[in-house]
Amino acid sequence: MRDSGGPMDRLEAMSDSRPVRVRFAPSPTGMLHIGGARTALFNWALARRHGGVFVLRVEDTDTERNTAESLQSILDSMRWLGLDWDEGPDAGGEFGPYFQSERMPHYQAAIERGLNEGWLYRCFLTPDEAQAMREQHLEEKRPGRWENPSRELSIAEAEQRAAAGESFVLRFRVPLGREVHVQDHIRGAVSFRSDEVEDWVAVRANGMPTYNFCCAIDDAHMQISHVIRGEEHLVNTPKQVLLAEALGVAVPDFAHVPLILGADGKKLSKRTGDTALGDYIDKGYPADALFNFLALLGFSIDDKTTVFSRAQLVEAFDLKRISKGGALFDTDKLHYLCGEYIRQMEVPALTDAVLPWLRQADLVPETLPEGGVDVCGSRAWLEKLVAAMQERLGLLAELPEKAAFLFSEAAEHDDKAQKALAEDGARERVEAIAAALEAEAAFPPAEFGAWTKTQCEALGVGMGKVMKPLRAALTGTLGGPELADVLELLGRERALARLRALPLA
RNA sequence: GGCCCCAUCGUCUAGUCAGGCCUAGGACACCAGGUUUUCAUCCUGGCGACGGGGGUUCGAAUCCCCCUGGGGUCACCA
């Protein structure tokens with residue numbers, strides 16, 4: 001008894017001419033999840049694509065678990081990603097308030113109506129009793145929903161028990177024998193039998209309405225045109241549609257985006273890796289790279305484009321191009337994109353971006369020393385460093401570790417470096433270069449490559465015989481930036497000192 | 001288990017709605033070369049997929065059915 005769900009019934013992009021109003025509705029019970037960030041991104045993109053409005057609505061009906069810090073970190077994460085909202089906290093708007101906890105008057109009116117019209121009823125089952133009935137129904141493998149005795153209570157009796165102080169919740173009276181159709185921009189027509197939908201709790205015993213209740217009412221009141229949310233909400237949709245029908249309000253278009261999966265192929269969770277956007281911020285992923293990556297998870301511009309800007313995404317964004325299957329969170333690709341963005345950045349901007357990490361690693365003080373390229377730690381020197389390291393960086397946070405040797409007095413030689421210096425004649429060649437370097441007026445000598453070649457010829461050996469131990473002595477390892485850059489960043493004093501004070505073999 | 005969703009290289013995907021232009025394209029990863037004073041970057045090449053079975057059709061990755069597989073959900077959380 002379900003529709004085929006074939007491609008034919010996938011909605012056209014804009015099924016009507018309502019202005020585009022979308023919302024992201026996080027609940028402030030934790031950090032912003034990667035999946036939530038992508039959902040927010042898609043909402044934002046649709047609004048920007050159509051010159052619509054992006055609403056941020058805080059779903060804080062769970063008074064037990066809300067925290068102010070969570071809210072703050074969610075807002076911070078969104079701003080960091082560049083997802084600016086037009087209505088919501090700190091932005092205001094004509095459909096506020098934007099905190100559900102402050103919208104009780106709206107809900108109260110609906111509650112009274114529901115009670116009067118009979119589509120809400122008082123249920124006196126305790127949570128345990130309700131759970132037991134649900135389980136028993138499951139155990140008996142009976143079709144449809146479990147039967148709630150409170151559903152058949154007379155209004156008089158229900159009111160009497162309530163007046164006597166008995167605790168109750170308000171449940172939605174799901175109509176029997178209905179077929180609920182949901183039009184979804186990503187999945188086409190999806191339908192549910194109402195007999196499969198349980199009489200869900202609309203208002204808790206403490207008087208606070210639940211998610212499904214508030215959500216449908218707010219979406220209607222805020223004139224939301226498209227609800228773009230995670231696929232885990234697909235099964236909630238008939239509840240919200242039925243409520244909207246009872247209330248006689250508009251039902252938005254839906255677009256349920258596939259889940260982001262962890263390495264285990266299941267919904268991304270803390271078990272399989274970091275799930276909060278904040279974790280990635282802390283690890284030194286540039287915002288543009290993360291934005292690009294998130295967009296790529298489930299969306300594609302065409303068959304070739306993988307690196308694109310926000311503007312390009314906005315220009316190309318279309319719900320029809322969101323894929324239906326879940327996507328694994330591929331850290332390799334994320335890492336690649338980061339490198340790509342780091343290499344694209346202008347040196348001054350990259351220097352700014354990397355500064356916090358240098359400070360955190362204690363390589364650089366709050367206030368940079370004055371001076372030019374010759375002053376270690378100065379702005380000019382740092383830009384030189386960044387330029388030299390740029391194409392070797394995968395993450396912003398990698399710089400301190402990779403560049404530490406340029407900040408220290410002496411080099412720490414690793415095994416490979418020691419081995420290189422232990423080779424026959426290596427130390428002598430390093431000393432010869434040190435002497436030649438000292439004799440030069442310019443430091444490092446101009447045309448360093450050519451200069452070195454001349455030195456090698458004078459010594460009668462190949463480049464490798466000189467460069468390798470020289471690098472080992474200078475940097476303490478065998479990889480890294482060009483030696484001319486290393487020399488310049490080290491400066492005459494430090495560089496020569498390193499060449500003169502080789503580690504004992 | 002019930003209900004719902006999904007199914008192209010190891011991964012992200014293009015192609016599926018309007019069946020032939022697909023001996024299935026791109027990117028990441030991986031492997032092999034090249035450039036380079038090292039590392040990295042960059043360039044070239046390679047590996048590698050339509051889950052299975054039935055239909056429909058002159059022709060199916062594309063349409064239909066079944067199977068299999070994966071996921072989501074079954075809260076007084078959202």
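In what follows, chains are A, B, ... by sequence order, proteins preceding strands, each numbered from 1. Note that these values count all heavy atoms, side chains included, but never hydrogens, waters or copies made by symmetry.
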At 4.0 Å (heavy atoms only), tell me whether [X] reaches a base, stays on the sugar-phosphate, or touches nothing.
X        : result
A:Gly464 : nothing
A:Arg134 : sugar-phosphate
A:Leu125 : base
A:Asn206 : nothing
A:Pro481 : base
A:Leu297 : sugar-phosphate
A:Asp332 : sugar-phosphate
A:Arg229 : nothing
A:Leu470 : nothing
A:Gly144 : nothing
A:His335 : nothing
A:Glu64  : nothing
A:Phe192 : sugar-phosphate
A:Ala205 : base

For atom [atom1], what is the distance between [N] and [M], given to the nearest Å?
N     : M     : atom1 : result
B:A32 : B:G59 : C1'   : 40 Å
B:C30 : B:C76 : P     : 48 Å
B:U16 : B:A60 : C1'   : 10 Å
B:C21 : B:A27 : C1'   : 23 Å
B:A7  : B:C12 : P     : 12 Å
B:U11 : B:G71 : P     : 14 Å
B:A14 : B:C58 : C1'   : 28 Å
B:A61 : B:G53 : P     : 13 Å

Taking the six-membered ring for Trp, are [X] and [Y] ring centroids under 6.0 Å apart?
X        : Y        : result
A:Phe299 : A:Phe293 : no
A:Phe443 : A:Phe448 : no
A:Phe405 : A:His413 : no

Does a salt bridge link [X] with [Y], judged by any charged N lying under 4.0 Å from a carboxylate O?
X        : Y        : value
A:Arg173 : A:Asp199 : no
A:Arg321 : A:Asp302 : no
A:Glu488 : A:Lys384 : yes
A:Arg57  : A:Glu59  : yes
A:Asp288 : A:Arg310 : yes
A:Glu198 : A:Lys239 : no

Of the options [options], whose atoms approach the side-chain atoms of [X] most closely?
X        : options             : result
A:Ala327 : B:C77, B:C12, B:A14 : B:C12
A:Thr210 : B:A78, B:C5, B:G72  : B:A78
A:Leu259 : B:G71, B:C4, B:C28  : B:G71
A:Lys324 : B:A7, B:C76, B:U11  : B:A7
A:Arg204 : B:U37, B:C77, B:C5  : B:C77
A:Ser300 : B:A29, B:U37, B:U13 : B:U13
A:Glu231 : B:A29, B:G71, B:U37 : B:G71
A:Tyr211 : B:A27, B:U73, B:A78 : B:A78
A:Met467 : B:C4, B:U37, B:G1   : B:U37
A:Arg187 : B:A78, B:C5, B:G25  : B:C5

For the base of [N], is there a side-chain donor-acceptor partner from [X] under 3.5 Å away?
X        : N     : value
A:Asn236 : B:A78 : yes
A:Lys333 : B:A27 : yes
A:Arg392 : B:C39 : yes

Write down the distance between [atom1] ([X]) and [atom2] ([N]), rounded to a whole number of angstrom.
X        : N     : atom1 : atom2 : answer
A:Lys141 : B:C3  : NZ    : C1'   : 15 Å
A:Glu447 : B:U37 : CD    : P     : 14 Å
A:Lys267 : B:C5  : NZ    : C1'   : 14 Å
A:Arg142 : B:C3  : CZ    : P     : 16 Å
A:Trp200 : B:A75 : CH2   : C1'   : 14 Å
A:Glu232 : B:C3  : CD    : C1'   : 17 Å
A:Leu261 : B:U73 : CG    : P     : 11 Å
A:Leu268 : B:C12 : CG    : P     : 13 Å

More 5' along RNA chain B: A:Leu334 or A:Gly326, using each one's nearest nucleotide?
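That would be A:Gly326.
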So what's B:U36 paired with, Watson-Crick or G-U wobble, going by both distances under 3.5 Å?
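The answer is none; no pair meets the criterion.
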If we call it a pair only when both distances are under 3.5 Å in a Watson-Crick or G-U wobble match, what pairs with B:C3?
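When the pairing criteria are applied, B:G72 turns out to be the nucleotide that pairs with B:C3.
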Within the pair [X] and [N], is there a side-chain N or O less than 4.0 Å away from OP1 or OP2?
X        : N     : answer
A:Thr306 : B:G26 : no
A:Lys266 : B:G71 : yes
A:Thr29  : B:C77 : no
A:Arg343 : B:C42 : yes
A:Arg171 : B:C76 : yes
A:Gln390 : B:U41 : no
A:Arg321 : B:G15 : yes

Have A:His221 and A:Arg103 got a donor and an acceptor in their side chains that come within less than 3.5 Å?
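A donor-acceptor contact under 3.5 Å links the two side chains.
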